[in-house]
Number of protein chains: 2
Amino acid sequence: MYRISEFAAMTGLTKETLRYYAEIKLLEPAYIHPTNHYRYYDDGSFFLADLLVKLRCLGFSIQEMVTVMEDESFENLEALLVEKKNNLQEQMDRLQMKINEIDDFLASGKEEG
Amino acid sequence: MYRISEFAAMTGLTKETLRYYAEIKLLEPAYIHPTNHYRYYDDGSFFLADLLVKLRCLGFSIQEMVTVMEDESFENLEALLVEKKNNLQEQMDRLQMKINEIDDFLASGKEEG
DNA sequence: ATAAACCGTGTGGTGCACTGCACAGTCAAA
DNA sequence: TTTGACTGTGCAGTGCACCACACGGTTTAT
């Protein structure tokens, strides 16, 4: 069982983020001391926190991560990953369109100037 | 000279956005009535507003647009567009990396499952 | 026993780019 | 002249994902 600071160091999340994740029930401590309310995390918590860090890095929003965590068997995870991938692909397409627009903009500027 | 609602309809910006842009001196009305403080816009305003809409669509932040507008001759515009294009390219690269990570994630999941 | 380090709660702040609302003055048409 | 549409100001709120801080209790090491 790890206390919040130790667990923060293990996961790369800050203490504040861990408290926040507990508050919104995204990642609840494995155990909370009944009198002093200290949060304790275990190796199961670590597995989940590690997954959250990965998902966050992939661009998952808090709400999407909540959806992932709500399904303890993670059966939805693959579908959500595929969905996120499509999402990212659309973002890329939009960025490419903007780059093309800038190129047009620059080209038209050169003709006039 | 156009009043704010008419100008909003012309540009596609909302009245509130126009007031906000005036407040932060991104796009100031061509004329402000001295007693009732009504904002009036003209065709020069329209040219600028149209540019702002395009830049916003390209992903320019307010601060970047302010930088563009500060230079009335728009001599910096081309350099800023090139910079923004590189910026967008980097964003695309990061997105591609995330897509690759998801593919790895999905592939590793298939092996184990 | 005491000091340092740690933990809790609660609340407010951050940055971005607006949006919404209340209240009040103003203008245009009938 | 009255009604309704329009405009102004000022300020609070939005969503996201936290961060910072004050204040006070707890634990750990010396």
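Order of the sequence lines sets the chain letters (A, B, ...), proteins ahead of strands, with each chain counted from 1.
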What one should report as the nearest heavy-atom pair of B:I4 and B:K15 is CD1-O, 3.7 Å
[X] [atom1] - [N] [atom2] separation (whole Å):
X: B:E16; N: D:dG8; atom1: CD; atom2: C1'; result: 12 Å
X: B:Y41; N: D:dG8; atom1: OH; atom2: C1'; result: 12 Å
X: B:I32; N: D:dT7; atom1: CD1; atom2: P; result: 14 Å
X: B:E23; N: D:dG8; atom1: CD; atom2: C1'; result: 13 Å
X: A:I24; N: D:dC16; atom1: CD1; atom2: C1'; result: 11 Å
X: A:H33; N: D:dT27; atom1: NE2; atom2: P; result: 6 Å
X: A:L18; N: D:dA17; atom1: CG; atom2: P; result: 16 Å

(request) Using heavy atoms to find the nearest nucleotide of DNA chain D for B:Y38 and A:T14 separately, return the residue whose nucleotide is more 5′. (result)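 Nearest-nucleotide comparison on DNA chain D picks B:Y38.
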Of the options D:dG8, D:dA20, D:dT7, whose atoms approach the side-chain atoms of B:S5 most closely?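 When the side chain of B:S5 is considered, D:dT7 is the closest of D:dG8, D:dA20, D:dT7.
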**Study point:** A:T17 side chain, from C-beta outward: closest of D:dA17, D:dT7, D:dC18
**Key:**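 Nearest to the side chain of A:T17 among the choices is D:dC18.
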For the residue pair A:Y38 and A:Y40, does the interplanar ring angle fall in the parallel (under 30°), tilted (30 to 60°) or perpendicular (over 60°) class?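 Ring orientation of A:Y38 relative to A:Y40: tilted.
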Classify the nucleic acid contact of [X] as base, sugar-phosphate or nothing, counting any heavy atom under 4.0 Å across all strands shown.
X: B:R39; result: sugar-phosphate
X: A:Y21; result: sugar-phosphate
X: A:R19; result: base

**Study point:** A:E101 vs B:K54, side chain to side chain contact (heavy atoms under 4.5 Å, CB included): CA-CA, chis, key distance, verdict
**Key:** CA-CA 9 Å; A:E101 282 176 52; B:K54 287 194 177 86; over 6 Å; no
Walking DNA chain C from its 5' end, the first of A:E6 and B:I62 to be reached, judged by nearest nucleotide, is A:E6
message = Quick check: on DNA chain C, is the nucleotide nearest B:Y40 upstream (toward 5') of the one nearest B:Q63, or the reverse? Name the residue that is more 5'.
response =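 Taking each residue's closest nucleotide, the earlier one in sequence belongs to B:Q63.
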Outermost contacting nts on DNA chain C, any atom under 4.0 Å from chain B heavy atoms, listed 5' then 3', are C:dA17 to C:dC27
Per ring pair (Phe, Tyr, Trp, His ring centres under 6.0 Å), A:Y41 is matched among A:F7, A:F47, A:F46, A:Y2 by A:F7
task = Could you check A:L58 against A:L88 for side chain to side chain contact (heavy atoms under 4.5 Å, CB included), going step by step and ending with a plain yes or no?
result = CA-CA 9 Å; A:L58 289 174; A:L88 294 176; 5.7 Å; no
Report task. Check the pair A:E83, A:N87 against side-chain hydrogen bond (donor to acceptor under 3.5 Å, both in side chains), reporting the backbone distance first and the verdict last. Result -> CA-CA 6 Å; A:E83 192 181 325; A:N87 192 319; over 6 Å; no
Does B:L52 reach the side chain of B:V68, with side-chain heavy atoms less than 4.5 Å apart? no
